[in-house]
Amino acid sequence: MRPAIGQAKRKGEPGLFPAIGNAFLHPSHACGSRGAGLDLGTGFTADAPDRLEMTVRTRFAPSPTGFLHIGGARTALFNALFARHHGGAYLLRIEDTDRARSTQEAVQQILDSLEWLGLSPDEPPVFQSRREARHAEVARELLARGHAYLAFDTPEELVAMRERAMREGRPPRYDGGWRDRDPASAPPGLKPAIRLKAPREGETVVKDLVQGEVRVGNAELDDMIILRSDGTPTYLHAVVVDDHDMAITHVIRGDDHLTNTFRQCQIYDAMGWRRPYFAHIPLIHGPDGAKLSKRHGAVSVLEFREQGFLPEAVCNYLLRLGWGHGDEEFVPRERAIELFDLKDVGRSASRMDYAKLTHLNGQYLRQADDARLTQEVLERLTRRGVLFGTRGAERVERLMPDLKERAKTLEELAGSAAFAATEGPPMLEPKAAAALTPEARARLADLAQFLNNAPWERADLESWLRDYAEVKGIKLGQVAQPLRVALTGSLQSPPIDAVLWVLGRTEAMDRILAVAEPSEA
RNA sequence: GUCCCCAUCGUCUAGAGGCCUAGGACACCAGCCUUUCACGUUGGUAACACGGGUUCGAAUCCCGUUGGGGACGCCA
């Protein structure tokens, strides 16, 4: 049996989305008296299949005016998870009707970002710009049915109207001047826009799967333009037509579209189309609570990739931002699909917390496949210009199990692997150089001789070092730290026996000898 | 300005009227582990924005205030 979709979450709203019944399917609203299940000759009939039995179809609809940012990624994720959870389809629609601002590069970036995140759509993307004829067709149909009208206002007139309204403290809305005027009375040569004849009384109610029931008086809404005077559709209209034609059942999108939804509903209603379910998820803010922007650090999905975050960690983090299932923090994709439900999506905006993302990334890193991590690290080392041959690559690979225990991002991982990828004595970090006191250098000189005879297996190396420390009556740390500096150029590294082992006798001895200095005495 | 939405530790959250002395995670502090750094582990600091109701009982329901966010285009 199909799980009930969109059960009312909050108390006091029982039956908001009844599994049976069609109160929601045909919400009563002010612009019509159509009753439930009546065939108005507009596409749905009394015996239409119950919506809940329909295959879930969601879509992510970014506009290609820039890179895909982390908020968009989360919207895509929620759409994908919801669809998968219900065995439905998750689609992508590129909203490129703003020709001036849309670019092919942005489209490609969005596609790449989604692919990286594992959120590629189930069907080829739909390009909104290619559907303009259809949008116009619907607009004309609305016109023919008397649900829309021609408006001959000039841009100047509209600006003036807005300014006047503002000055008089009224909301800036279209006055409906052409609503009942005869188009024949229009000044010649003016191209009209098509405006929706929106209901003026009553209210429009949106039953949102996340926000609950949201209503607004129709007096607050004006007659929006659905087709511009140049014949192109406006966003609000195109979205409705496309969502309808793509048979989208659940519109899951950012909170910022909530108030747009009222107007979109008016188009659905005017066309006699069944509205989809809506779910408006809260926005993500920067750490300071303001809208997420560049100055907060990484916002573009591709930036996160560059900084060395794993896609699965980013998704897990994004999922936990605004969605929760008890105390579960570590929620990989499969588990997310199993658990995800819109009723568990919170209603308040959340802030981006890079520290927590980093922590999660460390968790995923530690359990990631060594070969994959090695590949990633080698690519990064190559890009950094850190030279390495096959031997360097081999060392990185052999050291990976120890390396990944102590890194939180791939960048960090690459940094910690650099010493193994190179040939010859490492660059000394300032603090490490300072640790090379005369005593330390003398120790290394002494140690070199001792180590030269050691069998070069990791376990043996460790016991040799322990024996050495014991014989000399010093702590292991006093041996390990100078060694660490000589071998890695750093005060931090994987266990010293692993480092020795991976470097190999020749390379290790080279590095030790490079800084060793027998004491005079 | 008008409309809409939101409000639990610094942050993400659990919380469906009594299981709440408000739980978990990140961050932070202290201890343990230890060959360094991490990991791990133990403990600690830390929140129901405020004011009114409703109720035997409210973090949970209602109203208001304050604060935050969003929308008001021939942008998407």
Side-chain angles (χ1 to χ4, degrees), chain A residues 9-12 61-65 95-98 100-102 128 151 153-155 158-159 162 165-174 191 193-195 206 208 211-212 214-217 219-222 224-230 232 234-236 238-239 254-262 280 282-283 285 287 289-291 317 320-330 346-360 362-363 366 404-408 412 416 462 465-466 469 475-481 483-485 488 490-497:
Chain A
K9 167 189 187 178
R10 286 158 263 279
K11 294 191 48 179
S63 61
T65 52
E95 312 232 310
D96 56 350
T97 46
D98 186 342
R101 296 198 299 150
S102 299
Q128 191 160 63
D153 312 270
T154 64
L158 294 175
V159 169
R162 259 193 296 279
M166 291 292 231
R167 220 179 311 118
E168 293 167 14
R170 288 180 291 114
R173 299 196 197 100
Y174 179 60
K191 285 201 150 184
I194 297 181
R195 281 186 187 267
V206 173
D208 193 278
Q211 306 291 344
V214 187
R215 52 182 68 224
V216 71
E220 303 294 334
L221 274 17
D222 62 1
M224 69 178 142
I225 289 175
I226 54 177
L227 202 70
R228 300 188 187 102
S229 51
D230 66 0
T232 60
T234 56
Y235 161 77
L236 250 20
V239 165
D255 221 352
D256 48 341
H257 290 281
L258 183 58
T259 48
N260 284 334
T261 308
F262 298 117
H280 288 93
L283 265 17
H285 292 158
K291 201 169 181 173
Y317 176 73
R320 284 292 289 112
L321 226 43
W323 174 91
H325 186 267
D327 287 341
E328 278 194 54
E329 296 286 348
F330 193 79
R347 296 200 270 180
S348 53
S350 45
R351 302 182 184 202
M352 188 69 202
D353 182 356
Y354 293 91
K356 189 159 184 177
L357 201 212
T358 304
H359 174 264
L360 245 190
Q363 289 194 355
R366 264 170 266 138
K404 73 177 180 183
E405 287 299 320
R406 58 210 80 227
K408 290 188 172 157
E412 230 180 284
S416 67
E462 184 186 357
L465 286 177
R466 285 192 190 281
K475 288 202 276 189
L476 190 50
Q478 291 174 270
V479 184
Q481 278 310 77
L483 207 44
R484 193 183 309 283
V485 170
T488 71
S490 165
L491 253 14
Q492 299 97 249
S493 84
I496 201 64
D497 48 299

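Just so it is clear: chains get the letters A, B, ... in the order the sequence lines come, proteins before strands, and each one is counted from 1. Only a predicted model underlies this, so the values are computations on that prediction, with no experimental measurement involved.
- Between rU55(B) and rC63(B), the two C1' atoms lie 16 Å apart (nearest whole Å).
- Under the Watson-Crick or G-U wobble criterion, with both distances below 3.5 Å, rC37(B) has no partner in any strand shown.
- Ranking rA27(B), rG10(B), rC3(B) by closeness to the Ala355(A) side chain, first place goes to rA27(B).
- Taking the P atoms as reference points, rC26(B) lies 15 Å from rG44(B), given to the whole Å.
- Summarising the base pairing, rU66(B) is matched to rA7(B) through a Watson-Crick or G-U wobble pair whose two defining distances lie under 3.5 Å.
- The backbone N or O of Val206(A) sits nowhere less than 3.5 Å from a side-chain atom of Arg215(A) that would complete a donor-acceptor pair.
- With sequence neighbours excluded, the residues forming a side-chain contact (heavy atoms from CB on, under 4.5 Å) with Arg484(A) are Ala480(A), Gln481(A), Thr488(A), Ser493(A), Ile496(A), listed by chain and number.
- Between the C1' atoms of rA16(B) and rA22(B), the separation comes to 16 Å (whole Å).
- With sequence neighbours left out, the side-chain contact (heavy atoms from CB on, under 4.5 Å) criterion links Gln363(A) to Phe330(A), His359(A), Leu360(A), Arg366(A).
- Base pairing annotation: rA30(B) forms a Watson-Crick or G-U wobble pair with rU42(B), both donor-acceptor distances under 3.5 Å.
- Figure legend. rU60(B) is base-paired to no nucleotide; pairs are counted as Watson-Crick or G-U wobble with both atom distances under 3.5 Å.
- Across all strands, Gly254(A) comes closer than 4.0 Å to no nucleic acid atom at all (heavy-atom distances).
- Taking OG1 from Thr358(A) and NZ from Lys408(A), the interatomic distance works out to 7.5 Å, rounded to the nearest 0.5 Å.
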Nucleotides 31-41 of chain B: protein proximity per nucleotide (B base, S sugar-phosphate only, - neither; heavy atom, under 4.0 Å): ----BBBBSS-
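- For the pair Asp353(A) CG and rG10(B) C1', the interatomic distance rounds to 9 Å; values are reported in whole Å.
- Across all strands shown, rU54(B) has no partner, as no Watson-Crick or G-U wobble contact with both distances under 3.5 Å is found.
- For rU11(B) and rG68(B), the P atoms lie 14 Å apart once the distance is rounded to whole Å.
- Only the C1' atoms considered, rU54(B) is 15 Å distant from rG64(B), to the nearest whole Å.
- From Glu95(A), atom CD reaches atom OG1 of Thr65(A) across 10.5 Å, with rounding to the nearest 0.5 Å.
- When only modelled atom types and interatomic distance are considered, Asp255(A) and His280(A) share no side-chain donor-acceptor pair under 3.5 Å.
- Straight-line distance between the C1' atoms of rC9(B) and rC4(B): roughly 29 Å, to the nearest whole Å.
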At under 4.0 Å between heavy atoms, which parts of nucleotides 63-76 of chain B does protein reach? Answer with one letter per nucleotide, 5' to 3': B base, S sugar-phosphate only, - none. ------SBSSSBBB
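- Between Pro282(A) and Ser348(A), the closest side-chain pair of non-hydrogen atoms is not below 4.5 Å.
- Rounded to a whole angstrom, the distance from the P atom of rC28(B) to that of rG73(B) is 46 Å.
- rC5(B) atom P lies 11 Å from atom CG of Asp208(A), rounded to whole Å.
- Taking only distance into account, the side chain of Glu329(A) meets the base of rG24(B) through a donor-acceptor pair shorter than 3.5 Å.
- Between Arg215(A) atom CZ and rC5(B) atom C1' the separation is 15 Å, expressed in whole Å.
- By the side-chain contact (heavy atoms from CB on, under 4.5 Å) test, Ala151(A) pairs with Tyr149(A), Asp153(A), Tyr174(A), Trp178(A), Arg195(A), sequence neighbours left out.
- Under the Watson-Crick or G-U wobble criterion, with both distances below 3.5 Å, rA14(B) is left unpaired in every strand shown.
- With RNA chain B read from its 5' end, the first of the two nearest nucleotides for Asp327(A) and Gly324(A) is the one closest to Gly324(A).
- Taking Asp353(A) as the reference, Tyr317(A), Ala355(A), Lys356(A) meet the side-chain contact (heavy atoms from CB on, under 4.5 Å) condition, with sequence neighbours excluded.
- Put simply, the side chain of Met352(A) reaches to within 4.5 Å of the side chain of Leu357(A), judged on heavy atoms.
- Look at CZ on Arg347(A): it is 19 Å from P on rA59(B), rounded to the nearest Å.
- Rounded to a whole Å, the CZ atom of Arg320(A) is 11 Å from the P atom of rC12(B).
- Distance check on atom C1': rG24(B) versus rC62(B) gives 31 Å, rounded to whole Å.
- When atom types are taken as modelled, the side chain of Arg320(A) and the backbone of Trp323(A) share a donor-acceptor pair closer than 3.5 angstrom.
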